[in-house]
Amino acid sequence: MTFNDLELAKPLLRAIEELGFDKPTNIQKISIPKILSGVDLLASSKTGSGKTAAFLLPSLMKLIKPAVNSGVGPRILVLVPTRELATQVAQQAIDLVKFMKRAKVLTLFGGVPYGRQLRDLTKPHEIMIATPGRLIDLMNRGKVDFSRLETLILDEADRMLDMGFIKPVEEIAAATPSERQTLLFSATLKGPVAKLAKKLLNNPDQIAAEDENAQELKIEQRLHKVDSLRHKHSILEHILNDPTLQQMLVFTSTKIFADQLADKLISDGRGAASLHGDMKQRERTRTLQALRSGAIQILVATDVAARGIDIPTISHVVNFDLPDSPEDYVHRIGRTGRAGASGVACSFALHKDVGKVRSIETYVGKKLDIKTIPGLEPKNKNEDGPRGPRRGGKPGDRSNGRPRRFNRQKSR
Ligand code: AMP
């Protein structure tokens, strides 16, 4: 199947060609015809599957015809959990509407001054990409006009709910016309997401993850058993010397650890930077630009900050600290292997992390490949958990192998 078979308008096909998309990904093949038919859609979609174009392309088709209602507000609203994802979805929207008329993209997120956003809201815009917090804020000031809204899209809905956006999302949806088309994309369709979908979607068609087998991430998932923080650093050093390495995203459990690790890499002469929620938006944007342009090779990040990063040259993801949930693991490793490229994900597991490794393996449905590096084998080969003294702490010590002074309160 090609994009031509999907009955998309010429300006969109031209943009797709310029973007270099040869053929639709699986989720695009399945969801584009459904969305074009006008039904509400509930789609379980993995990261890196091409889901953004899957919901944007058919929604943009509606813009070919002039709006039925008058007003300056958006005809398409995409709600996303984070600023980074907002920027990326907006970039893809801008690329896709390049040859369309009446298709202005407006991005709204917090952490930046209101002035420009307030000004932009008074001019006609057709596509709005927003994080729920800032949008509610602007709605409460009476600055948002939903009279033209035709399509509401919830992207990474599970994450929006995890981040506590349930109320704002429901309020925003309630402020839009009830005859709208609603599309919900989420890594999981269970629990609170299912509840939200029941409230907001009208008799939706559903696409399950099994339908998306072409989305199988081409990612080699390696597990490095480690004894201590020092051991983690040595293995990281080894991976950094891998000749196939292009760019690397390293995850730590806290902002402080992210800064410390980036500082260490810089003092070792590497091009590195950290990215976390404490940074001002301008700094975060600058850091991501530096990664995108190749000015830095290694980005050390926390989960929240790295959400939505889409840089095809990230060849390696390193879980320096394992994430708290298997869902975060999948999101982290999905930062490599984007759109069919291959990638390597290396996870460092201390003996105390055995439970986390098991739940990740259950969640992804396979065992991670245990990797040992000659000369850097773990000393304590016990696979059943924290028994016996380890370097960097006493048995049962929860210091993560770090000196005690680093064991501060977790904050992302
Ligand atoms: P997403 O899952 O929407 O975050 O998309 C992941 C990456 O795939 C992005 O870099 C898109 O630009 C890219 N992409 C989306 N659709 C296609 C396609 N049909 N062919 C090649 N790349 C694509």
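All ligand and atom numbering here is 1-based and tracks the order in the structure. If you're wondering where the values come from, they're calculated on a predicted model, not measured in any experiment.
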**Q** Does the N or O separation between D22 and ligand 1 drop below 3.5 Å for any pair?
**A**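 It does not: no N or O of D22 is found under 3.5 Å from an N or O of ligand 1.
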**Q** Quick one: does V97's side chain get under 4.5 Å of K104's, heavy atoms only?
**A**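 No, side chains not in contact.
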**Q** Using a 4.0 Å heavy-atom cut-off, say whether F3 meets ligand 1 through its side chain, its backbone, both or neither.
**A**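 The part of F3 near ligand 1 is the side chain, not the backbone.
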**Q** At a non-hydrogen distance cut-off of under 4.0 Å, which region of Q92 contacts ligand 1 (side chain, backbone, both, or neither)?
**A**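 Looking at Q92 and ligand 1, just side chain atoms fall under 4.0 Å.
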**Q** Show the atoms of ligand 1 that are less than 4.0 angstrom away from any heavy atom in T52.
**A**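 Taking each heavy atom of T52 in turn, ligand 1 has 1 (P), 3 (O), 4 (O) under 4.0 Å.
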**Q** Under a 4.0 angstrom heavy-atom cut-off, which atoms of ligand 1 come close to K23?
**A**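 Contacts of ligand 1 toward K23, numbered from 1: 18 (C), 19 (N), 20 (N).
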**Q** Is D158 salt-bridged to K190, going by a charged N under 4.0 Å from an acidic O?
**A**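 Salt bridge absent between D158 and K190.
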**Q** Please answer whether the main-chain N or O of F257 pairs with a side-chain N or O of T254 as donor and acceptor at a distance below 3.5 Å.
**A**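 Such a contact is found between T254 side chain and F257 backbone.
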**Q** Between D120 and H125, is there a side-chain donor-acceptor contact under 3.5 Å, judged purely by atom types and distance?
**A**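 Result is no, nothing qualifies.
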**Q** Are a donor atom and an acceptor atom from the side chains of R83 and Q281 found within less than 3.5 Å of each other?
**A**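 R83 vs Q281: donor-acceptor pair found between side chains.
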